[in-house]
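Questions regarding the structure given below will be posed in turn.
Values reported hereafter were calculated over all heavy atoms of this structure, with side chains retained and with hydrogens, waters and symmetry mates removed. The model shown is predicted, which means the values in this text are computed figures rather than measured ones.
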Amino acid sequence: MKTHSGSVTVEMVLLTPVLMVLILFGVYSGRASESSIQVRQAADQAARGASKVSRARIESTAFQVAERVLVGESTSCIDFSVRTSLVVQGGNNAVRVEVSCTINSQGLSLLGLTQRRVTASSTEVLDRWRVDS
């Protein structure tokens, strides 16, 4: 009878790196998905918050709200930026907020990924009863 006592060990040595790369890719995919959701939520909340304040405070309010959403909830997003602009939408004044951040790839250097940014924007009509013209 022949025995194959070392074959399982050899197979595990060959499969372990492949399994580790698959696990790391799953972690990165989760972070990318979470970052996308958080950026979308931050843009929506920042636009809504900015639509309720005076024009002088629109930018600072949008940044503060987006920062609270992105920094307070998770570490999937790093190095975020917030841009605001006033636009006309359907005859009404509106504020557009664009939020972008870099996906945190710390600990995933084995995959050799480049830095990737996710971006989302949201537009809200200015509340004419609260905002000065």
> Sequence neighbours excluded, which residues qualify as salt bridge (charged side-chain N to carboxylate O under 4.0 Å, His left out) partners of Arg96?
Replying inline: none

> Would Val53 and Ile58 satisfy side chain to side chain contact (heavy atoms under 4.5 Å, CB included), going step by step from the backbone distance to the final call?
Replying inline: CA-CA 6 Å; Val53 297; Ile58 285 178; 4.2 Å; yes

> Please walk me through it: do Asn93 and Val87 pass side chain to side chain contact (heavy atoms under 4.5 Å, CB included)?
Replying inline: CA-CA 6 Å; Asn93 290 328; Val87 296; over 6 Å; no

> Is the shortest distance from a Lys or Arg side-chain nitrogen in Arg48 or Asp44 to a carboxylate oxygen in the other one below 4.0 Å?
Replying inline: no

> Which heavy-atom pair separates Cys77 from Leu70 by the least distance, and what is that distance?
Replying inline: SG-CD2, 4.2 Å

> Can you list every salt bridge (charged side-chain N to carboxylate O under 4.0 Å, His left out) pair that touches residues 114-123, not counting sequence neighbours?
Replying inline: Asp79-Arg117

> Is Arg55 close to Leu86 at the side-chain level, that is, under 4.5 Å between some pair of heavy atoms?
Replying inline: yes

>> Suppose we screen for salt bridge (charged side-chain N to carboxylate O under 4.0 Å, His left out). Which residues come up paired with Arg57, at least two apart in sequence or across chains?
In response: none

> Could you go step by step and tell me if Val95 and Leu126 meet the side chain to side chain contact (heavy atoms under 4.5 Å, CB included) rule?
Replying inline: CA-CA 7 Å; Val95 61; Leu126 293 178; 4.1 Å; yes

> Hey, what do you get for CG (Leu19) to CE (Met12), rounding to the nearest 0.5 Å?
Replying inline: 6.5 Å

> Mind checking who shares a hydrophobic cluster with Leu14, ILVMFWY linked at side-chain heavy-atom distances under 4.5 Å?
Replying inline: Val10

> If two hydrophobic side chains count as joined below 4.5 Å and joins carry through other members, does Val118 share a cluster with Val71?
Replying inline: yes

> For Val97 and Ser122, what are the C-alpha separation, side-chain angles and deciding distance, and is it a side chain to side chain contact (heavy atoms under 4.5 Å, CB included)?
Replying inline: CA-CA 5 Å; Val97 177; Ser122 185; 5.5 Å; no

>> What I'd like to find out is whether the side chain of Val99 reaches to under 4.5 Å of the side chain of Ser121, using heavy atoms alone.
In response: no

> Do any pairs count as a salt bridge (charged side-chain N to carboxylate O under 4.0 Å, His left out) and have a residue in residues 97-109, sequence neighbours left out, and if so which ones?
Replying inline: Arg83-Glu98

>> Testing the basics here: between Cys101 and Val39, what is the closest heavy-atom pair and its distance to 0.1 Å?
In response: SG-CG2, 3.5 Å

> With sequence neighbours excluded, what pairs up with Phe80 under the ring-ring contact (aromatic ring centres under 6.0 Å, His included) test?
Replying inline: Phe63

